[in-house]
Amino acid sequence: MATTGEWKGNILFQLKRRNHKQSEPFQAIIQTNNRLQQQSSHLHSQNVHLQVEIERLKEENLSGQIRGEPGSGGHNTHALEQKLYKLQEELTELHKKRGENAQQIIDLNALLQEKERELQNKDNQLSDMLANNLSLKQEQKNLQQSMTELEATNQMLTDEHQALQMVFTALEEKHRKLNDDYREILDRWLKYKAQEADDINEQNKQFFKHRQEKLQKELQEAANDKVQIDLPDAEGFTPGVCLSVTIPTRAHNVFDAHSGEVYSVQWNNTGSLFATGGADRKINLWRNIGGSCETKGVLLGSNAGITSVEFSQDDSQIVGASNDFACRVWAIGTQRLQLTLTGHSGKVLSAKFLGDSKVVSGSYDRTLKVWDLNSRSCSKTIFAGSSCNDLVTLHGTSIISGHFDKRVRFWDTRGADTSINEILLEGRLTSLCLAPDRTQLLCCLKEIGLKVIDLRMNQVSHTLTADGFKVGCDWSRAVFSPDAQYAAGGSSDGSVYVWNLNKSRVERVLKEHSHTVVACAWNPSGTSLVSCEKGKKVVLWSDY
Amino acid sequence: MINFRSLWFQVNITRGGRLTMADDREILREIWEGKVPVCFQLAQEEVYTGEQPDPFFLLVPRLSYFPLVTDKVLRHMMKHVDPEHHGEMWLEFDGQPLKWHYPIGVLFDLYGMSTDLPWKLTVHFQNFPEEELLRCSSKEVVQSHFISVVKEADALKHRGQVINSMQKKDHSTLWAGFMNDKFDQFWSVNKRLMENSGEKAFMFVPFRIYRADQIPVQKLFKPCADSGESLTLRHLLKTAVPELMETDALISSRVLIQGIEPPLDTPVCWLSEHLSYPDNFLHICLMPRVEVES
């Protein structure tokens with residue numbers, strides 16, 4: 001236990017000494033040190049604070065001194081110093097002012113220069129204006145002068161006008177007088193005309209009477225004479241039955257049919273008459289008696305050239321197409337115009353009877369029109385699409401038309417307005433001719449020649465051409481012979497070519513015309529051929 | 001305070017060995033009160049502002065660790081270093097970086113025992129010696145280090161039974177008592193760790209022997225011989241550092257515990273119970289004996 005106490009005491013002692021040596025002496029010092037350090041830092045910050053305060057106060061003091069200086073003016077030197085300072089300040093101010101003034105002078109100088117420049121500008125402008133003014137004055141003078149001139153002219157013109165006015169009044173007076181005279185003369189002329197008409201009527205009456213008497217006398221004479229009737233006398237009046245066709249060999253008769261171009265020629269159905277239409281707006285009826293052709297009448301009423309003529313089935317009427325856009329129907333018996341069918345808006349190139357009471361016409365207005373002769377109006381208009389140069393009718397209902405666009409179109413008037421069929425050929429169609437047996441169609445093509453279409457096949461069966469044969473115009477008409485063995489067509493060289501269809505070659509060339517041959521027509525009896533030309537001539541050909 | 005303490009000392013002396021417990025407690029108290037005066041100075045080359053800052057003086061407890069007491073120093077020195085380039089603060093004495101995870105008393109016994117007081121330490125903020133020191137980012141790191149050492153000590157003493165039977169709250173109380181210099185609060189928990197009777201007797205004594213420039217020595221050492229005889233400090237040294245005992249090197253060495261040289265025949269058990277640091281380890285420093293005034 002004692003040993004235990006010994007080492008324990010030793011340890012305790014050592015510990016106490018340790019603490020006594022190591023910590024106790026320093027405790028107070030370090031505490032003081034720490035406190036002092038703290039104080040020091042505190043004082044330091046306070047010091048800084050005070051420094052700032054001092055600075056502030058110093059500044060305040062300085063300003064206060066400056067303010068408070070005058071109060072202590074008792075000190076001489078100080079006052080003088082003050083004064084000096086003030087003067088210095090004043091001097092500085094004056095210097096500053098001088099500088100400002102100098103600057104002002106410079107500014108003003110600049111301003112002055114600018115003003116001078118402006119002045120110069122104004123001067124220039126002024127001189128310009130003066131010059132301008134001068135020129136304007138000159139101009140004004142000129143204008144005044146011209147004005148006086150114009151006034152003088154005006155005066156003169158006014159005078160002239162007055163003079164003319166006077167002349168005009170005089171002339172007007174004269175005109176009125178003349179008008180009166182004219183009316184008087186017209187009245188007188190009308191009176192004369194009426195008288196003349198009466199006279200003509202009287203004469204006509206006289207003429208008819210005379211003719212009737214003559215006829216009566218002749219009839220009487222005829223009744224008295226016993227005449228042996230022989231066949232040759234009745235030749236011209238045989239009905240259109242063809243016994244045999246002979247190709248004409250010579251010009252039987254040549255005569256002037258119209259006063260201008262002859263456009264068309266057509267025989268009637270019996271072959272006793274033929275009609276010609278011409279540019280002189282007339283249709284002439286002719287009869288071949290013996291060696292010469294006699295006129296049987298003139299059908300008037302058209303306002304332009306006749307382009308086509310055709311007789312009705314019973315030969316009682318004739319239809320003519322005209323360049324005045326109309327078709328007309330005349331009665332053969334009275335030779336009077338019966339109907340005028342208007343409605344086309346172009347030249348009518350062809351008009352044909354369609355059955356008993358209808359007419360169909362083809363025009364340059366690219367339509368075909370069907371006319372009802374009983375109601376005297378257009379019953380149907382067919383829009384064909386191209387100018388129609390010629391057409392033929394078939395069975396009273398069908399129409400075949402030849403067009404400018406090289407097509408032959410087939411129509412049925414009972415059905416729709418569209419074409420039933422069409423055939424395209426190589427050239428413009430100028431005419432169509434239907435063979436009597438209605439199986440073949442002769443087409444005349446410009447610049448090509450003649451083509452024969454077989455209507456049962458709708459095909460070209462023959463092509464007829466010849467050296468020198470040239471279709472003369474857009475309405476040149478070529479025809480079949482009555483037995484459809486031959487075809488005849490006029491050429492621009494004045495010849496009439498006759499082709500043999502069986503041989504498909506030219507049978508004969510007839511030369512007599514001196515102008516382009518326009519149309520031909522074969523006598524239904526087959527013994528003669530008539531042709532017309534662009535001159536006035538019509539030639540009747542026969543073989544005897 | 002000093003007067004009172006010396007008075008108390010005298011009283012104990014007069015009473016003799018009669019009040020053993022009171023003596024033991026007084027020793028514990030003296031150890032608890034142990035402090036070292038330290039003078040902190042900023043390293044010359046790290047002064048950023050024009051003038052060298054004033055040195056900072058502190059009386060630091062021997063049982064504590066540096067990171068727990070240097071807050072004021074850090075605040076004082078920070079004003080004078082380059083704000084752009086400064087890292088964690090570390091301390092150096094005479095070219096030797098100081099390990100923060102050793103108690104301050106150990107560091108002082110090891111390096112500062114032979115210098116004049118106060119102990120002059122140099123404060124660094126740059127060139128952290130990564131090779132020698134551990135980083136210490138906060139006080140929680142110190143706490144976890146402390147608790148882990150306590151656990152190690154208990155593992156040696158009681159196979160870790162005592163520390164493991166404690167609650168989290170007890171650990172906190174232990175740490176708080178240590179941190180806040182509350183002797184009674186600390187010992188209310190620590191006495192359970194120091195239990196050394198019956199089946200709670202120490203298995204081994206947790207100790208470490210430090211020598212300058214050498215790795216600390218730590219070995220298993222039973223406080224009592226198989227014969228039941230309690231072993232002394234001499235036995236311990238013979239077991240742990242036999243080379244020291246064979247020669248008469250022991251004569252030329254000082255065996256320092258808590259800054260004192262306890263007699264070599266002091267029982268190891270008592271040493272462990274009373275002279276251990278709060279981490280329950282007996283930190284023994286072996287120093288070459290220099291002729292100093294004893």
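Letters A, B, ... are given to chains in the order of the sequence lines, protein chains preceding strands, and every chain is numbered from 1.
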Nearest heavy atoms of [X] and [Y], plus distance in Å:
X       : Y       : value
A/Gln27 : B/Leu59 : CA-CD2, 3.5 Å
B/Arg62 : A/Gln22 : NH2-OE1, 3.2 Å
A/Asn34 : B/Phe57 : OD1-O, 3.1 Å

Can you confirm whether [X] is buried at [atom1], in the sense that more than 12 heavy atoms of other residues, nucleotides or ligands lie under 6.0 Å from that atom?
X        : atom1 : result
B/Asp116 : CG    : no
A/Glu53  : CD    : yes
A/Glu89  : CD    : yes

Given heavy-atom pairs under 4.5 angstrom as the criterion, report whether the side chain, backbone, both or neither of [X] touches chain A.
X        : answer
B/Ile257 : neither
B/His274 : neither
B/Trp270 : side chain
B/Pro55  : backbone

Look up atom NZ in B/Lys35 and atom CD1 in A/Ile30, then write down how far apart they are to the nearest 0.5 Å.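 Separation between the atoms: 10.5 Å.
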
If we only count heavy atoms from C-beta on, is the [X] to [Y] side-chain gap below 4.5 Å?
X        : Y        : result
A/Lys8   : B/Asp24  : yes
B/Pro263 : A/Ile11  : yes
A/Asn10  : B/Pro262 : no

Between B/Glu33 and A/Asn19, is a side chain to side chain donor-acceptor pair (under 3.5 Å) present by the stated rule, with each step listed? CA-CA 8 Å; B/Glu33 294 290 340; A/Asn19 284 355; over 6 Å; no

Does A/Gln14 offer a backbone N or O that forms a donor-acceptor pair with the side chain of B/Glu30 under 3.5 Å?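 The answer is no, because no donor-acceptor pair under 3.5 Å joins these two groups.
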
Would you check if the side chain of A/Arg18 reaches a backbone N or O of B/Gln258 as a donor-acceptor pair within less than 3.5 Å?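 At least one qualifying donor-acceptor pair exists.
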
